[in-house]
Amino acid sequence: MPSALIIGGSIAGLFTALLLRQAGWQVLVAERSPGDLASRGAGVGTHPEQFVVMRRLGLPVDEAIGVHFTERLCLAQDGQVIARLPFEKVQTAWALLYRKLREALPDDCHRDGLRLVGLDQDAAGVTAQFADGTRLSADLLIGADGVHSTVRRLAFGGPDPTYAGYVAWRGVVPEAAVPAIARPELVGPFGFFVTARETMLSYLQPGPGDDLRVGQRGLNWVWYHPTSPTQLQALLTDAGGRHHPQGIAPPAIRPAAIAAFRAEAEAILPPQYRALVAATAQPFFQPILDLDSPAVTTGRVALVGDAAHMARPHVAAGIAKAALGAMWLADALAGTGGLAAYAARALPFGAALVARARWVGAFLEDPPRPGLAGEPVPVMLNTGSPLGEIPGLAPFLPA
Ligand SMILES: Cc1cc2nc3c(=O)[nH]c(=O)nc-3n(C[C@H](O)[C@H](O)[C@H](O)COP(=O)(O)OP(=O)(O)OC[C@H]3O[C@@H](n4cnc5c(N)ncnc54)[C@H](O)[C@@H]3O)c2cc1C
């Protein structure tokens with residue numbers, strides 16, 4: 001039986017492990033985080049293509065998969081509704097999807113607390129070294145270790161992701177705690193606020209325990225806000241002066257940085273969103289990054305998910321990209337094409353998705369680049385739009 005060692009036990013790693021296992025491979029997922037990843041994460045967009053892959057794995061995809069939307073609306077700065085559009089979309093919680101995948105993988109195929117620090121490959125196989133001294137060998141090693149991938153650095157020599165010039169401030173407010181002023185417009189529709197330099201959006205997501213009952217859900221918000229590299233450096237530095245270049249844990253964000261963010265929110269956002277930010281106990285942020293890898297395979301090593309391509313969140317495709325990449329990899333290895341057949345799909349798909357997401361977010365950069373106009377209707381139409389409408393993607397999508 002061929003064997004695969006998968007580095008990273010998040011969405012891409014779990015999809016890959018489950019699909020390869022289904023195809024007759026012996027798999028082991030090595031995840032660096034010792035704790036339960038499901039305790040982290042917020043809201044996330046979905047695309048029907050990821051559900052095709054989940055169904056192939058026999059995972060249930062029904063009404064309980066997330067919150068179903070039929071409408072999006074856009075607020076003006078004074079709080080008036082200035083646009084309404086239909087929107088057929090399912091939004092869910094990252095943790096809900098993670099749990100479904102993790103529960104489907106037997107525990108003996110998963111080890112946590114293993115951080116990859118080195119790898120060697122030759123004609124006989126590939127060996128991974130971990131920070132605790134563990135060494136593991138397999139026929140194939142798959143880097144599903146995210147945008148700051150160690151596998152990409154060790155086996156491909158790069159590239160590093162590039163910072164887009166803006167961050168996404170984020171938060172989740174329990175539905176029961178959503179202020180009255182925000183309820184009529186934001187509890188129900190997918191909400192937006194768009195200016196020439198900013199975008200705020202919000203949507204309901206499953207609550208704790210994947211609860212979809214009215215009153216028990218969460219209201220997830222995301223504020224794309226121009227932030228210079230110098231400002232980002234300061235945001236990623238904790239109160240003790242330690243810099244966290246790959247992302248700072250929410251509790252470590254300096255109180256002064258949170259206070260400055262809250263003051264900017266008060267000055268810029270409509271009243272509904274100001275109230276939502278004020279009701280958020282623990283805001284956090286993620287720098288917006290681009291990554292378009294020129295190669296996703298080398299020898300016995302392959303990259304999947306964000307380790308291969310990082311598209312800005314405007315296309316809401318982090319999960320779908322991980323699912324499709326894992327499926328193409330499993331199919332390529334089951335057929336005669338091998339890793340070359342995987343790369344022939346993953347590279348053009350990833351490049352087209354990254355390019356589209358850069359185009360959608362170009363107006364948020366500092367200075368703005370030519371791209372989508374920072375106006376309500378174009379931004380609403382191009383946020384989380386169907387993958388089949390994105391130039392270059394249709395030939396790759398499952399029926
Ligand atoms: C805990 C968590 C919560 C998230 N929550 C959200 C969310 O709410 N909304 C959203 O839009 N996106 C979220 N994301 C990111 C996102 O959805 C990703 O696009 C999606 O998970 C697919 O990415 P991925 O599996 O390729 O990479 P990631 O999700 O980034 O996972 C990479 C995994 O590799 C592990 N890893 C990294 N380096 C090493 C190493 N050297 N050795 C071993 N393991 C390593 C990491 O710990 C991580 O589990 C989250 C990611 C994580 C890890």
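When a ligand or atom number is given, it counts from 1 through the structure's own listing order. For the numbers below, each heavy atom of this structure counts, side chains included, while hydrogens, waters and symmetry mates do not.
- Inclusion of I11 in the set of residues having an N or O under 3.5 Å from an N or O of ligand 1 is warranted.
- Between N220, V44, I6, it is V44 that holds the heavy atom closest to atom 10 (C) of ligand 1.
- Applying ring pair (Phe, Tyr, Trp, His ring centres under 6.0 Å) to Y203 and the options F190, F192, W221 leaves one that passes, F190.
- Nearest to atom 44 (N) of ligand 1 by heavy atom, out of R32, R153, Q246, is R32.
- The T150 neighbourhood of ligand 1 comprises atoms 41 (N), with distances under 4.0 Å to a heavy atom of that residue.
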**OP:** For D210 and R99, run salt bridge (charged side-chain N to carboxylate O under 4.0 Å, His left out): C-alpha distance rounded to whole Å, both residues' side-chain angles, the deciding distance at 0.1 Å, then the answer.
**Re:** CA-CA 10 Å; D210 304 336; R99 248 192 308 273; 2.7 Å; yes

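- Closest of all the heavy-atom pairs between A252 and D238 is O-CB, 3.5 Å.
- Taking all heavy atoms of D36, L116, L101 into account, the minimum distance to atom 42 (N) of ligand 1 is reached by L116.
- The contact set between ligand 1 and G146, taken as ligand atoms under 4.0 Å from a residue heavy atom, comprises 27 (O), 30 (O), 32 (C).
- Between A131, G318, A144, it is G318 that holds the heavy atom closest to atom 22 (C) of ligand 1.
- Across all non-hydrogen atoms, the minimal contact from D211 to R217 is O-CG, 3.9 Å.
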**OP:** Any chance you could lay out the side-chain contact (heavy atoms from CB on, under 4.5 Å) test for V315 and L353, step after step, and finish with the verdict?
**Re:** CA-CA 8 Å; V315 290; L353 193 65; 4.0 Å; yes

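- For atom 31 (O) of ligand 1, the closest heavy atom belonging to the protein is S10 CB, 2.9 Å.
- Ring to ring, F87 and F69 are not that close: their centroids are 6.0 angstrom or more apart.
- Between N220 and S202 the shortest side-chain heavy-atom distance does not fall below 4.5 Å.
- Using a non-hydrogen distance threshold of 4.0 Å, R170 registers as a contact of ligand 1.
- Residue contacts with ligand 1, taken as heavy atom pairs separated by less than 4.0 Å, do not involve Q286 at all.
- Residue contacts with ligand 1 for D306 involve both N, CA, C or O and side-chain atoms from C-beta outward (heavy atoms, distance under 4.0 Å).
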Original post:
What do the steps show when you test R312 against Y166 for side chain to side chain donor-acceptor pair (under 3.5 Å), and what is the final call?
Top reply: CA-CA 11 Å; R312 300 182 191 182; Y166 57 103; 3.1 Å; yes

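- Looking at R21 and P106, their side chains come closer than 4.5 Å, going by heavy atoms from C-beta outward.
- Heavy atoms of other residues, nucleotides or ligands lying less than 6.0 angstrom from CZ of R115 number 12 at most.
- Every atom of ligand 1 is numbered from 1 in the order shown, and the set under 4.0 Å from a heavy atom of L37 is 49 (O).
- Contact between S33 and ligand 1 is present, with at least one heavy atom of the residue lying under 4.0 Å from the ligand.
- For atom 35 (C) of ligand 1, the closest non-hydrogen atom of the protein is E31 OE1, 3.3 Å.
- Here is the list of ligand 1 atoms found below 4.0 Å of a heavy atom in I7: 42 (N), 43 (C).
- Between F261 and W169, the distance separating the two ring centers is shorter than 6.0 angstrom.
- For ligand 1, the atoms closer than 4.0 angstrom to any heavy atom of G305 are 26 (O).
- Listed by number with element, the atoms of ligand 1 under 4.0 Å from a non-hydrogen atom of R115 are 41 (N), 42 (N).
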Original post:
Yes or no on side chain to side chain donor-acceptor pair (under 3.5 Å) for Q205 and Q91, after CA distance, side-chain angles and deciding distance?
Top reply: CA-CA 6 Å; Q205 64 165 81; Q91 299 289 119; over 6 Å; no

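- When non-hydrogen atoms are compared, ligand 1 lies under 4.0 Å from the backbone of A30 (N, CA, C, O) but not from its side chain.
- Taking the centre of each ring, W328 and F349 come in below the 6.0 Å mark.
- Remark: minimum distance from atom 50 (C) of ligand 1 to any protein heavy atom is reached at W94 NE1, 3.3 Å.
- Interface of L114 with ligand 1, defined as ligand atoms under 4.0 Å from a residue heavy atom, comprises 42 (N), 43 (C).
- Among A42, G43, A168, the residue whose heavy atom lies nearest to atom 9 (N) of ligand 1 is G43.
- For atom 25 (O) of ligand 1, the nearest protein heavy atom (residue, atom name, distance) is A12 N, 2.8 Å.
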**OP:** Begin with the C-alpha distance, continue with both residues' side-chain angles, and end with the deciding distance and a verdict on salt bridge (charged side-chain N to carboxylate O under 4.0 Å, His left out) for R84 and E71.
**Re:** CA-CA 7 Å; R84 286 183 192 268; E71 186 188 41; 3.2 Å; yes

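- Geometrically, ligand 1 and V304 share no nitrogen or oxygen pair separated by less than 3.5 Å.
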